[in-house]
**Q** 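What follows is a structure written as structure tokens; I'll ask about it next.
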Amino acid sequence: MYETYVFDLDGTLLNTLDDLAASCNYALRHCGMPERTVDDVRRFVGNGVRKLMERAVPDGVDNPLFDEAYAVFRSHYMEHGLDTTQPYPGVMGMLERLKQGNKNVAVVSNKFYAATQELCRHFFSGYVEVAIGERDGIRKKPAPDTVMEALKALGVGKNGAVYIGDSDVDVMTARNCGMPCISVLWGFRDRSFLEKHGATTFVTSPDEIV
């Protein structure tokens, strides 16, 4: 049905929650702050790791130790982001089918750029042609900028393209890009939450994407 598939990463292709929570709590402990539960971190993710830490650190950016906690998080995550992270069941088979069908595949994430690149190289080499993460100088999702950059890198337009993600941010991103959106139900947000934020098309397993 589609020729180009643009995927979110965390909660869509990869279950990164436990590693994100571990790095978050490592940074909080380092700064003498109370730790967060995995369910807390599940609610905090979706808008990039800086926003995750803004939500996790007491008083957010107003906390005088915020910058230190954020830097410790980034450093720890770059070393430990692969400790428990794995593709969701069925993801690799789905990507193989897309490759066999000569489809264009990109990942666009609000995770910082180096981590996005590392995770895609580690898990999806040969399947994901373009991987773009958060960095200075370009607006992150839900702005359309990074998705448009990915389409340009693939050498295609948005006609025939679909955006796939697990969060309200992904729904808004697709809308801002003028692209259809598929919302996955195995990620960090449930159907009720997604429907409240405008999601209309759902899949319960990666096989349904293709």
Side-chain angles (χ1 to χ4, degrees), residues 7-85 107-120 131-147 149-150 163 165-177 181 183-184 187-190 192-194 196-199:
F7 291 92
D8 174 53
L9 187 60
D10 296 47
T12 301
L13 295 178
L14 293 177
N15 186 351
T16 57
L17 186 59
D18 287 344
D19 286 336
L20 288 168
S23 292
C24 174
N25 283 327
Y26 179 88
L28 294 174
R29 286 194 305 272
H30 174 87
C31 294
M33 300 172 185
E35 295 184 35
R36 297 292 192 165
T37 68
V38 173
D39 280 341
D40 287 338
V41 176
R42 182 191 300 274
R43 292 193 299 271
F44 296 162
V45 297
N47 296 90
V49 291
R50 182 178 175 86
K51 184 60 70 174
L52 160 61
M53 292 306 292
E54 286 179 17
R55 293 163 174 163
V57 169
D59 299 322
V61 294
D62 293 328
N63 190 307
L65 293 177
F66 174 80
D67 288 342
E68 181 178 354
Y70 179 50
V72 170
F73 170 90
R74 287 176 63 104
S75 176
H76 187 272
Y77 190 74
M78 285 305 298
E79 292 184 18
H80 296 278
L82 293 172
D83 285 0
T84 65
T85 289
V107 164
V108 175
S109 175
N110 276 347
K111 183 188 292 292
F112 51 97
Y113 196 89
T116 300
Q117 292 277 308
E118 173 63 21
L119 288 167
C120 286
I132 294 174
E134 178 186 13
R135 67 193 189 282
D136 293 337
I138 188 168
R139 295 182 299 169
K140 65 182 182 179
K141 301 182 299 182
D145 302 35
T146 49
V147 175
E149 181 184 358
Y163 184 89
D166 72 303
S167 74
D168 53 320
V169 173
D170 296 314
V171 175
M172 290 186 287
T173 299
R175 184 183 304 128
N176 290 338
C177 293
C181 182
S183 296
V184 308
F188 299 160
R189 301 289 186 267
D190 62 25
S192 175
F193 177 91
L194 291 168
K196 289 177 182 176
H197 289 85

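Since the structure is predicted, the reported quantities are computational estimates derived from the model, not experimental observations.
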**Q** Do Val41 and Leu17 come within less than 4.5 Å of each other through their side chains, counting heavy atoms only?
**A** yes
**Q** Test side chain to side chain contact (heavy atoms under 4.5 Å, CB included) on Leu28 and Arg36 and set out the steps.
**A** CA-CA 8 Å; Leu28 294 174; Arg36 297 292 192 165; 3.8 Å; yes
**Q** About how many Å separate OH of Tyr26 and NE2 of His30, when rounded to the nearest 0.5 Å?
**A** 7.0 Å
**Q** Would you call Asp8 and Lys141 a salt bridge, taking side-chain N to carboxylate O under 4.0 Å as the test?
**A** yes
**Q** What distance separates Phe73 CZ from Leu52 CG, expressed to the nearest 0.5 Å?
**A** 5.0 Å
**Q** Atom SG of Cys24 and atom CE of Met53: how far apart are they, to the nearest 0.5 Å?
**A** 4.5 Å
**Q** For residues Arg175 and Gly198, report the shortest heavy-atom separation together with the two atoms involved.
**A** NH2-CA, 4.1 Å
**Q** Are Glu118 and Leu82 close enough that some pair of their side-chain heavy atoms sits under 4.5 Å apart?
**A** yes
**Q** Within this structure, what is the CG-CG distance for the pair Leu9 and Leu14, rounded to the nearest 0.5 Å?
**A** 4.5 Å
**Q** Determine the minimum heavy-atom distance between Ala69 and Ala27, stating which atoms define it.
**A** O-CB, 3.3 Å
**Q** Side chains of Val49 and Tyr77: closer than 4.5 Å at any heavy-atom pair?
**A** no
**Q** Under 4.0 Å between a Lys/Arg side-chain N and an Asp/Glu carboxylate O for Arg29 and Glu35?
**A** yes
**Q** I need the single residue from Thr85, Val45, Val38 that forms a side-chain contact (heavy atoms from CB on, under 4.5 Å) with Leu20. Which is it?
**A** Val45
**Q** Could you tell me which residues satisfy ring-ring contact (aromatic ring centres under 6.0 Å, His included) with His197, sequence neighbours excluded, listed by chain and number?
**A** Phe193
**Q** Is the shortest side-chain heavy-atom distance between Ile138 and Tyr113 below 4.5 Å?
**A** no
**Q** Starting from the C-alpha separation in whole Å, work towards a yes-or-no answer on side chain to side chain contact (heavy atoms under 4.5 Å, CB included) for Leu65 and Val57.
**A** CA-CA 9 Å; Leu65 293 177; Val57 169; over 6 Å; no
**Q** Is the closest side-chain heavy-atom distance between Tyr70 and Val61 below 4.5 Å?
**A** no
**Q** Please name the pair of heavy atoms, one in Val171 and one in Ser183, separated by the smallest distance, quoted to 0.1 Å.
**A** CG2-OG, 3.8 Å
**Q** Between Ala114 and Met78, what is the shortest heavy-atom contact and its length?
**A** CB-CE, 4.0 Å
**Q** If we only count heavy atoms from C-beta on, is the Asp10 to Ser109 side-chain gap below 4.5 Å?
**A** yes
**Q** Does Ser75 use its side chain to pair, donor to acceptor, with the backbone of Ala71 at less than 3.5 Å?
**A** no
**Q** Would you say the side-chain atoms of Thr84 and Asp18 include a donor-acceptor pair closer than 3.5 Å?
**A** no
**Q** Does NZ or CZ of Arg135 fall inside the cone over Phe112's six-membered ring, less than 6.0 Å from its centre and within 45° of the axis?
**A** no
**Q** Asn110 versus Val169: any side-chain heavy-atom pair under 4.5 Å?
**A** yes
**Q** Any donor-acceptor pair under 3.5 Å linking the side chain of Asn176 with the backbone of Met172?
**A** yes
**Q** Nearest 0.5 Å please: distance from the CG atom of Asp19 over to the CG atom of Asp83.
**A** 5.0 Å
**Q** Kindly compute the distance separating CG (Asp145) from SG (Cys177), expressed to the nearest 0.5 Å.
**A** 8.5 Å
**Q** Would you name the heavy atoms of Gly165 and Thr12 that are closest together and state the gap between them?
**A** CA-OG1, 3.4 Å
**Q** Does Ile132 form a side chain to side chain contact (heavy atoms under 4.5 Å, CB included) with Thr116? I'd like the steps, not just the answer.
**A** CA-CA 7 Å; Ile132 294 174; Thr116 300; over 6 Å; no
**Q** Filter on side chain to side chain donor-acceptor pair (under 3.5 Å), then keep only pairs touching residues 41-53, sequence neighbours left out; what's left?
**A** Asp40-Arg43, Asn47-Arg55, Arg50-Glu54, Lys51-Glu54
**Q** Go through the side-chain N and O atoms of Asp170 and Ser167 and say whether any donor and acceptor fall under 3.5 Å apart.
**A** yes
**Q** Do Pro58 and Met33 touch side chain to side chain, with heavy atoms closer than 4.5 Å?
**A** yes
